[in-house]
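For reference, the structure discussed in these notes is given below.
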Amino acid sequence: MSILELDVIKNYVRACNDGWLQNWHERNGGNLTYLMSEEEVALCRPYFKETPGEWVKMDVQADNLKNAFFLSTGSGKYFRNVILAPQDNICILEINDAGDSWRIVWGLEMGGRPTSEFPSHFLNHSVRLKATNGKNRVIYHAHPGNLIAMTYILPLTSRAFSRALWQSATECPVVFPQGVGVVEWMVPGGRAIALATSELMKEFPAAVWAHHGLFVSGQDLDEAFGLMHTIENAARIFMLVTSSGMPIMQTITDDAIRAIAKDFGLTVREDFLN
Ligand code: 2HA
Ligand code: ZN
């Protein structure tokens with residue numbers, strides 16, 4: 001038996017490869033973190049390193065993630081390679097008692113560190129855990145091309161992006177009735193973008209990073225991957241329509257979105273509708 005045969009690892013590796021196959025992860029683009037359950041940690045523990053890595057302090061802290069364990073992609077590692085050698089491209093991290101440092105307990109066997117966006121992931125896990133009464137387990141960042149293209153032609157507001165996406169595919173108000181947040185262009189990997197994103201993730205399940213990509217959350221890998229997929233598919237339709245050269249004859253109206261919300265028993269953000 002190898003740790004790579006455990007469902008928790010297999011499902012995570014599959015999600016990484018699915019993202020690669022979607023063309024969302026050029027080179028080392030994107031990152032995925034998964035908050036492990038106690039049972040999953042117990043199953044993986046026999047495979048942990050005899051000597052864990054050194055504690056590394058972050059410039060962010062979270063009380064509700066003290067002593068947590070995460071699966072994380074590695075900094076500079078390519079999603080494309082995860083399936084070939086998970087043990088060299090991903091890792092399991094342990095968080096300390098203070099909720100402000102991590103150490104590697106499994107993986108990255110050829111060396112390396114967790115994703116450069118780990119502080120962003122960590123703060124967003126903390127925020128989404130609160131927002132979902134302890135249910136959120138996944139934070140996923142990718143570089144889906146159509147959504148990035150939209151950040152050059154729409155105002156960088158949550159209202160403009162939520163409306164444009166809702167109007168681009170009927171599924172959208174059902175899948176994310178809260179809408180999406182938008183973060184203006186910022187330097188990736190730092191505390192500032194982590195804080196700005198986590199402020200938005202108090203309200204939204206996803207945040208657009210202008211000219212960069214998308215951050216999504218989910219209770220499991222299917223939900224997070226599905227949200228990324230739904231948003232990018234709507235963005236693809238939006239870009240097909242806006243680049244078709246044809247005038248727009250009709251769209252999904254605000255009242256249609258209200259009707260969807262009513263029938264599906266959802267609360268769509270009324271302040272985003274006209
Ligand atoms: O991991 O996507 O935002 C590379 C990135 C940084
Ligand atoms: Zn990125």
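All of these numbers come straight from a predicted model, not from anything done at the bench. Note: hydrogens, waters and symmetry copies are ignored here, and every other heavy atom, side chains too, is used. Read the numbers this way: they start at 1 and go in the same order the structure lists the ligands and their atoms. For reference, positions follow the sequence shown, starting with 1.
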Quiz item: Once rounded to 10 degrees, what value does the angle at the Zn ion (ligand 2) take between NE2 (His212) and NE2 (His141)?
Solution: 100°
Quiz item: Does a donor on one side chain and an acceptor on the other come within less than 3.5 Å for Glu5 and Ser2?
Solution: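 No, Ser2 and Glu5 have no side-chain donor paired with an acceptor closer than 3.5 Å.
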Quiz item: Out of the N/O/S atoms in His143, what is the name of the one closest to the Zn ion (ligand 2)?
Solution: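 Restricting His143 to its N, O and S atoms, the minimum distance to the Zn ion (ligand 2) goes to NE2.
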Quiz item: Which atoms from ligand 1 have a heavy atom of Glu117 less than 4.0 Å away?
Solution: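 Under 4.0 Å from Glu117, ligand 1 has these atoms: 3 (O), 6 (C).
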Quiz item: Counting each atom of ligand 1 from 1 as listed, which ones have a heavy atom of His141 under 4.0 Å away?
Solution: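 What qualifies from ligand 1 is 2 (O), 3 (O).
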Quiz item: Would a line drawn from the ring center of Phe70 to the ring center of His125 be shorter than 6.0 Å?
Solution: yes
Exercise. Step through it carefully: locate the ring centre of His141, locate the ring centre of Phe79, and say whether they are under 6.0 Å apart.
Key: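 Here the rings of Phe79 and His141 have centres that are no less than 6.0 Å from each other.
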Practice problem: Quick one: sort the Phe272 and Trp166 rings into parallel, tilted or perpendicular, breaks at 30° and 60°. | Solution: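 Aromatic pair Phe272/Trp166 classed tilted.
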Quiz prompt | Residues Asn64, Ser126; criterion side chain to side chain donor-acceptor pair (under 3.5 Å); working and verdict | solution = CA-CA 6 Å; Asn64 61 351; Ser126 175; 2.8 Å; yes
Quiz item: Any idea which protein heavy atom is nearest atom 1 (O) of ligand 1, and the distance to it?
Solution: Asn31 ND2, 3.0 Å
Quiz item: Which residue holds the protein heavy atom closest to atom 4 (C) of ligand 1, what is that atom called, and what is the gap in Å?
Solution: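 Here the closest protein heavy atom is Asn28 O, 3.4 Å.
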Would you say ligand 1 has an N or O under 3.5 Å from any N or O of [X]?
X	answer
Trp209	no
Ser116	no
Gly30	yes

Quiz item: In Å and rounded to the nearest 0.5 Å, what is the CG to CG distance from Leu227 to Asp222?
Solution: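 So the CG of Leu227 and the CG of Asp222 are separated by 12.5 Å.
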Quiz prompt | Cation-aromatic face contact Arg45/Phe48, 6.0 Å, 45 degrees | solution = no
